[in-house]
Number of protein chains: 2
Amino acid sequence: MFDANNEDIIYDLADLFKMFADSTRLRILYALTDGEKNVGELAENLSMNQSAISHQLSTLKAAKLVKARRDKKSMYYSLADDHVESIIKIGVEHVLEP
Amino acid sequence: MFDANNEDIIYDLADLFKMFADSTRLRILYALTDGEKNVGELAENLSMNQSAISHQLSTLKAAKLVKARRDKKSMYYSLADDHVESIIKIGVEHVLEP
DNA sequence: CTTTCATATGTTTGTCTGTTCATATGTTCA
DNA sequence: TGAACATATGAACAGACAAACATATGAAAG
């Protein structure tokens, strides 16, 4: 599947899956599957305080899973690429199976 | 993609991805992609002690990502289904991209 | 320029989790 | 049955991490 001798890939992979391994981040990512949202919208949407959301967004951004765009005073976040949705989707397929 | 009102799915999803979010578990799963192995083989293969491997195998088994079979004194572990490999694969694709 | 709104950042706290060590369980074979 | 081997389990410790609170940064409008 890939060169297992390159142990770095394993750590990168683990770091990638870590991003999806938390329900708050997962809910953020899912919320962004139907288009960009700003921090306030996400906070309200998930019933969490602004700080928690902002922290997670910065984590997700560092992992290059979301990207940010400023419009006036707001920062709009959106999914960085199609992989994000694909990964969630394949996870869902597994979870939903008998 | 799925019914977001069903919050349980989010938690199940997070739990699933948690399994892939640790390098030891990932290395175990990867090692099993080319066939079943017993605990001793895995421990030697990953240069880790038997107890650590056994603990992680029991975690993976509880998550139904691996299954176990006894042969004589040894327990042979293998991937539970095709999803496991698919999930790793799609993660690798993301990691390997520019 | 100052107030207000939106977001980011620093710090602390409580919880979770991976590893190790020690020991128990269970299987085989003499 | 008992010794030897393979794996599992329990407890303890250390490191990681998400959430909350307080505060700082930055943009816009008057």
A.B. asks: Nearest-Å distance, CZ (B:Arg27) to P (C:dG18)?
C.D. replies: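 After rounding, the gap between these two atoms is 14 Å.
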
A.B. asks: Would you mind classifying the nucleic acid contact of A:Tyr76 as base, sugar-phosphate or nothing, using non-hydrogen atoms under 4.0 angstrom?
C.D. replies: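 It contacts nothing in the nucleic acid.
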
A.B. asks: Heavy atoms only, 4.0 Å cut-off, all strands: where does B:Thr59 land among base, sugar-phosphate and nothing?
C.D. replies: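 Contact class for B:Thr59: none.
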
A.B. asks: Please tell me if B:Tyr77 has a side-chain N or O lying less than 4.0 Å from either OP1 or OP2 of D:dA8.
C.D. replies: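 Yes, because at least one side-chain N or O of B:Tyr77 sits under 4.0 Å from OP1 or OP2 of D:dA8.
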
A.B. asks: Write down the distance between CG (A:Asp71) and P (D:dG26), rounded to a whole number of angstrom.
C.D. replies: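 Distance check: A:Asp71 CG to D:dG26 P gives 19 Å.
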
A.B. asks: Which sits closer to the 5' end of DNA chain C, A:His55 or A:Met75, going by the nucleotide each is nearest to?
C.D. replies: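 The residue mapped nearer the 5' terminus is A:Met75.
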
A.B. asks: Do B:Leu96 and A:Phe17 sit in one hydrophobic cluster, given that two such residues count as connected whenever their side-chain heavy atoms are within less than 4.5 Å of each other, even indirectly?
C.D. replies: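 Same cluster.
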
A.B. asks: Does any N or O donor sit under 3.5 Å from an N or O acceptor when you compare the side chain of A:Ser51 with the base of C:dT9?
C.D. replies: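 Check passes, donor-acceptor contact within cut-off.
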
A.B. asks: Does B:Gln50 make a side-chain donor-acceptor contact with the base of D:dA8, cut-off 3.5 Å?
C.D. replies: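 A donor-acceptor contact between them is present.
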
A.B. asks: On DNA chain D, nearest-nucleotide positions of A:Thr24 versus B:Asn38: which is more 5'?
C.D. replies: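 It is B:Asn38 whose nearest nucleotide is closer to the 5' end.
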
A.B. asks: Of all the choices, C:dT20, D:dA28, C:dT17, which nucleotide is nearest to the side chain of B:Lys18 once you look at every atom?
C.D. replies: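 Closest nucleotide among those given: C:dT17.
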
A.B. asks: Quickly work out the A:Lys73 NZ to D:dA24 P distance and round it to whole Å.
C.D. replies: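 Rounded to whole Å, this separation is 20 Å.
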
A.B. asks: Would you kindly confirm whether B:Met19 and B:Leu46 end up in one hydrophobic cluster when ILVMFWY residues are joined by side chain heavy atoms under 4.5 Å apart?
C.D. replies: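 As far as the 4.5 Å side-chain criterion goes, B:Leu46 and B:Met19 are connected within one cluster.
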
A.B. asks: How many Å lie between CD1 on A:Ile53 and C1' on C:dA8, as a whole number?
C.D. replies: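 Nearest whole value for this atom pair: 14 Å.
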
